[in-house]
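Only a predicted model underlies this, so the values are computations on that prediction, with no experimental measurement involved. We count ligands from 1, going down the list as the structure has it; atoms in each ligand are counted the same way.
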Amino acid sequence: MKSIASAPGKIILFGEHFVVHGTKAILAAINKRVTVTSAFTDNNTIKVNSELGTLEVPISSLYEEAKGEFRPFVYLANKMINSNQNVNGLEITIDSDIPVGVGLGSSSACCVAAAGSIFGLFKEWSSEEILKISIEAEKTIFPDTSGADCTVCTYGGMIEYPSIEKIGNTFDLNLLITNSMIPHSTKNSVEKVNKFKENNEERFSQLCDLETKLIDEVITAMKDNDTTTFGLKMSENQKYLEEIQVSNDTLRSMIGSLKEVSLGSKITGAGDGGCVIALVRDENMDKVPTLLPKDKECFSAKIDTKGVEWKREK
Ligand code: MEV
């Protein structure tokens, strides 16, 4: 028997980094997914196959002993194996169309899909349960996670975190994702922002208040079908991200290049590399490729309304 689960990647429209410090954030699941397939084996090992390589460790191994990117899988496998006798081994295979390490939720989607797939070998589960254990799994590589990414990967659609209620936006967001092709470490960027906060406590607290106000204004703009304000708020949010120093020359130059065709643009995710999102008018989409350097990838993001999905196969 195989247990197969899939989960979407994500973009953060507003509020990255500040969300780690307790503000709200607006996130959306995107139509790029990761699929995790799990099966029992008789090998007395936990085996993980992914595009990053293969790991095979004895069934009793601790997750702390595994290489970083494999830890969540060993953690989840152990959790189930320890509470179920008669398991001689597990094989976990990851297939993903989410680019890795560029802020599109590859790691969170993997944790959610792996939790769904591994737990699905043993029992039926609820989304609440999968969210809780996927955040535990993500913490094995990134202890400070806000949990926002795993939440949107579990429930899908667009949400105003910490609520899981879907935002039914009235206008079609033509969101362009541009990949700087510079990989980043979310953990390092979050630590950098923690240092900024330590050294600039008062300003950081003001920025959190400004972010909260901005998100309230975005929600109103969406209700009013006001794309212009939505775009302006993206650019305003980018100024806050610049101030906490998670931007760089490459990202600034990409944002600058998209200025003439977009209503607003900003980093999405941790920054320091990764991706930029821009709200582009329909009639301007054709112009985009000519504006960006050839080594950058770009594509239109469609919001994925489906969160984690799961099935068993013979
Ligand atoms: C990373 O996608 C988003 C951050 O806000 C970190 C987090 O929320 O855990 C930078």
Side-chain angles (χ1 to χ4, degrees), residues 7-30 32-34 68-69 71-72 96 98-113 131-156 158-164 175 177-180 182-197 204 207-208 210-212 214-215 218 234 237-238 240-248 251 266-277 301 303-304 307:
K10 66 93 204 6
I11 46 176
I12 302 191
L13 290 153
F14 299 94
E16 51 274 271
H17 285 293
F18 299 103
V19 68
V20 176
H21 302 273
T23 71
K24 296 187 275 193
I26 301 180
L27 300 95
I30 55 169
K32 287 195 180 287
R33 297 181 74 89
V34 57
E69 58 269 27
R71 283 187 186 174
S96 180
I98 310 170
V100 176
V102 291
L104 297 180
S106 156
S107 138
S108 308
C110 273
C111 290
V112 171
L131 174 59
K132 184 169 170 284
I133 48 186
S134 62
I135 293 175
E136 285 171 19
E138 191 173 42
K139 284 188 175 172
T140 65
I141 38 175
F142 171 32
D144 286 341
T145 177
S146 66
D149 291 7
C150 281
T151 304
V152 79
C153 297
T154 302
Y155 289 99
M158 192 194 292
I159 59 168
E160 185 188 358
Y161 183 80
S163 167
I164 56 167
L175 287 166
I177 300 182
T178 309
N179 186 347
S180 69
I182 305 171
H184 64 187
S185 152
T186 301
K187 186 168 173 275
N188 293 349
S189 302
V190 167
E191 280 167 8
K192 200 165 89 176
V193 174
N194 285 342
K195 291 230 165 65
F196 177 92
K197 182 184 174 182
F204 193 80
L207 287 169
C208 286
L210 287 168
E211 186 70 49
T212 303
L214 182 144
I215 287 175
V218 169
M234 286 172 80
N237 197 157
Q238 176 59 21
Y240 307 158
L241 293 169
E242 292 284 349
E243 196 171 334
I244 60 171
Q245 292 159 20
V246 294
S247 190
N248 61 30
L251 299 171
K266 64 180 275 295
I267 288 167
T268 183
D272 286 324
C275 293
V276 158
I277 46 169
I303 295 177
D304 192 342

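Counting protein heavy atoms only, atom 3 (C) of ligand 1 is closest to I12 CD1, 3.5 Å. Among protein heavy atoms, atom 6 (C) of ligand 1 sits closest to V20 CG2, 3.7 Å. From the protein, the heavy atom lying nearest to atom 5 (O) of ligand 1 is H17 N, 2.9 Å.
Atom OH in Y161 sits 10.5 Å away from atom OG1 in T23 (nearest 0.5 Å). Here CZ of F18 is found 9.5 Å from CD1 of I215. Values are rounded to the nearest 0.5 Å.
Between the side chain of K192 and the backbone N or O of Q245 there is at least one donor-acceptor pair closer than 3.5 Å. Within the 3.5 Å criterion, the main-chain N or O of I267 finds a donor-acceptor partner in the side chain of Q238. With hydrogens and angles ignored, the 3.5 Å screen pairs no side-chain donor or acceptor of K266 with any backbone N or O of I277.
Remark: ligand 1 atoms within the under-4.0 Å shell around heavy atoms of K10 are 2 (O). Close contacts of ligand 1 with V19, meaning ligand atoms under 4.0 Å from a residue heavy atom, involve 5 (O), 8 (O). The distance from ligand 1 to the heavy atoms of E16 drops below 4.0 Å at these ligand atoms: 5 (O).
Contacts between S146 and ligand 1, counted as non-hydrogen atom pairs separated by less than 4.0 Å, involve both the backbone and the side chain. Here D149 has side-chain heavy atoms under 4.0 Å from ligand 1, and that is the only part of it that gets that close.
The closest approach between a heavy atom of F142 and any atom of ligand 1 is below 4.0 Å.
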Exercise. Could you walk me through whether E138 and T145 pass the side-chain hydrogen bond (donor to acceptor under 3.5 Å, both in side chains) test, one step at a time?
Key: CA-CA 8 Å; E138 191 173 42; T145 177; 3.1 Å; yes
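With respect to the salt-bridge test (charged N to carboxylate O, under 4.0 angstrom), the residues K187 and E191 qualify.
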